[in-house]
Trainee: 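Structure incoming, see below.
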Amino acid sequence: MATLKDVAEASGLTVGTVSRVLNNRGYISPKTREKVYQVMKELNYQPNETARTLAKQKSNIIGIILPNVEHPYFARILGCLEREAAKLGYRIMLFVSRNREEQEEQCIDMCKGSRVAGVVLCSGSFETEKFKGLKFPLITLERSMDEGTSGIECDNYQGGILAANRLFDAGCRNIAIFNPPTKENIPAYSREKAFMKCCEDKKISGRVVYTDRLAPLSEEFGNNILELLKKNSDLDGIFATSDVMAANIIRACKKMGKRVPEDISIVGFDDTWISTLTYPSITTIHQPVQEMCEYAIEAIVKKVKSEKVPSQVVFPVELID
């Protein structure tokens, strides 16, 4: 079985340098890091993760807590976080909370037990008392962050304005935002607030239509959207707060004989791959997921090094027509 010394000799480096690569300590050039990992692969070297974690009191693992991985938005977040973590010498440990508070608490406890370097939390909007006293940085994505180290979100308020203006410019005068029931303390609520304020300023009819909290890719959710559209058949414009919801609305419109965009205009949110697969394609609000995820991982690495990070960071959004 290959040892740390074997890896050092094969890569032409000192044992100390190889150890720094494995433990992510100090500056290591990307070229050196890549060389060490290549030699480890060739020699089939397996670091003793348990011993390393006990010695350092933390691991090179970043915990990721998501509500689910089926939704295109969260699948994209997961991919972006994993790639960025790998670039910086970290691995990820995925936890899925299913938007259940007790399950989220279990995820946090497992992160504590695994002595993670940090956690990126994208799940729920539950009471944050349980996050007090954590011994690792907690970075939140698009959720309340009362007890977090740093909160990262897109400019949801601007997104609501962009959507309302796009529908207004398309000639719509009787519009609605379709949204799951949303707590006022989470960032996504700002979309609804901005949308309704814009309708008021432009003196056009605006309303909020709340969808059921169902799995967005399920048949039940599609049926729920169809029923809501039938009850609000007078609408000529809809802002759907996700591209998945917008796709369901387009399908429901087809069942009702409504033409998009001739009879009703639709704007989505997130700019996920699904926005390009519908016909017509979905006009959507681009959320800079890649940049947000890069910043989240970098923030954890900085906190591990005892560097300061802002308590809140807001990324701009843009309309993709």
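These numbers were taken from a predicted model, which means no experiment stands behind them. This chain uses plain numbering: 1 for the first residue, then up along the sequence.
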Trainee: Taking atom CG of D169 and atom CG of L319, what is their separation to the nearest 0.5 Å?
Mentor: 9.5 Å
Trainee: Heavy-atom count around E219 CD within 6.0 Å, excluding the residue itself: above 12?
Mentor: no
Trainee: Rounded to the nearest 0.5 Å, what separation is found between the OG atom of S265 and the CZ atom of R259?
Mentor: 11.5 Å
Trainee: Applying ring pair (Phe, Tyr, Trp, His ring centres under 6.0 Å), can you list everything that pairs with H286, at least two apart in sequence or on another chain?
Mentor: none
Trainee: Considering only NZ, NE, NH1 and NH2 on the basic side and carboxylate oxygens on the acidic side, decide whether E70 and R76 come within less than 4.0 Å.
Mentor: no
Trainee: Do the rings of F315 and Y295 sit parallel, tilted or perpendicular, given the 30° and 60° boundaries?
Mentor: perpendicular
Trainee: CD1/I285 to CZ/F269 distance, rounded to the nearest 0.5 angstrom?
Mentor: 6.5 Å
Trainee: Same cluster or not: are I297 and I77 linked, directly or through other Ile, Leu, Val, Met, Phe, Trp or Tyr residues, by side-chain heavy atoms under 4.5 angstrom apart?
Mentor: yes
Trainee: Are Q158 and E318 close enough that a side-chain donor and a side-chain acceptor fall under 3.5 Å?
Mentor: no
Trainee: Report yes or no: do D236 and N174 form a side-chain donor-acceptor pair below 3.5 Å?
Mentor: no
Trainee: State whether a side-chain donor-acceptor pair under 3.5 Å links T272 with D243.
Mentor: yes
Trainee: Taking atom OG1 of T140 and atom CD1 of I65, what is their separation to the nearest 0.5 Å?
Mentor: 11.5 Å
Trainee: I need the single residue from K35, E42, K41 that forms a side chain to side chain donor-acceptor pair (under 3.5 Å) with Q38. Which is it?
Mentor: E42
Trainee: Any side-chain heavy atom of I175 sitting closer than 4.5 Å to one from I204?
Mentor: yes
Trainee: Is there side-chain contact between Y210 and P180, with at least one heavy-atom pair below 4.5 Å?
Mentor: no
Trainee: Under a 3.5 Å cutoff, is there a donor and acceptor pairing between the side chains of S281 and T278?
Mentor: no
Trainee: Any chance the side chains of D270 and S242 put a donor and an acceptor closer than 3.5 Å?
Mentor: no
Trainee: Kindly compute the distance separating CZ (R100) from CD (Q106), expressed to the nearest 0.5 Å.
Mentor: 10.0 Å
Trainee: Heavy atoms, side chains only, cut-off 4.5 Å: are I61 and Y90 in contact?
Mentor: no
Trainee: Can you tell if the side chain of V120 reaches within under 4.5 Å of the side chain of L141, non-hydrogen atoms only?
Mentor: yes
Trainee: Judged by atom type as modelled, is there a donor-acceptor pair below 3.5 Å linking the side chain of S275 to the main-chain atoms of D271?
Mentor: no
Trainee: Does E220 have any side chain to side chain contact (heavy atoms under 4.5 Å, CB included) partners at least two apart in sequence or in another chain, and if so, which?
Mentor: L214, S218
Trainee: Quick one: does E142's side chain have a donor or acceptor within less than 3.5 Å of a partner on C154's backbone?
Mentor: yes
Trainee: Calculate, to the nearest 0.5 Å, the distance between atoms CD1 and CD belonging to I300 and E84 respectively.
Mentor: 11.0 Å
Trainee: Find out whether F178 and I249 are in side-chain contact, i.e. whether some heavy atom of one side chain is under 4.5 Å from a heavy atom of the other.
Mentor: yes
Trainee: Less than 4.5 Å apart, side chain to side chain, heavy atoms only: is that true for L162 and F195?
Mentor: no
Trainee: Could you tell me which non-hydrogen atom of C80 sits nearest to which non-hydrogen atom of V289, and how far apart they are?
Mentor: SG-CG1, 4.1 Å
Trainee: Can you confirm whether Q103 sits close enough to F95 that some side-chain heavy atom of one is under 4.5 Å from a side-chain heavy atom of the other?
Mentor: no
Trainee: Please say whether the positively charged group of R191, taken as NZ for Lys or CZ for Arg, lies over the ring of F239, i.e. under 6.0 angstrom from the six-membered ring centre and within 45 degrees of the axis.
Mentor: no
Trainee: Is the closest basic N to carboxylate O distance between E104 and R143 below 4.0 Å?
Mentor: yes
Trainee: Are side-chain heavy atoms of R91 and I62 found at a separation under 4.5 Å?
Mentor: no
Trainee: Under the criterion side-chain hydrogen bond (donor to acceptor under 3.5 Å, both in side chains), I'd like the reasoning laid out for E294 against Q290: C-alpha separation, chi angles, the key distance, then a yes or no.
Mentor: CA-CA 6 Å; E294 288 176 358; Q290 178 68 39; 2.9 Å; yes
Trainee: When you check the gap from the basic side-chain N to the acidic O, do K31 and E34 get nearer than 4.0 Å?
Mentor: no
Trainee: Show every donor-acceptor pair shorter than 3.5 Å between a side-chain atom in residues 250-258 and any protein atom, with sequence neighbours excluded, or say none if there are none.
Mentor:
{"from": "R251", "atom 1": "NH2", "to": "N248", "atom 2": "OD1", "distance (Å)": "3.1"}
{"from": "K258", "atom 1": "NZ", "to": "S233", "atom 2": "O", "distance (Å)": "3.1"}

Trainee: Do you know which two heavy atoms are closest between A299 and V309, and how far apart they sit?
Mentor: O-CG1, 3.8 Å
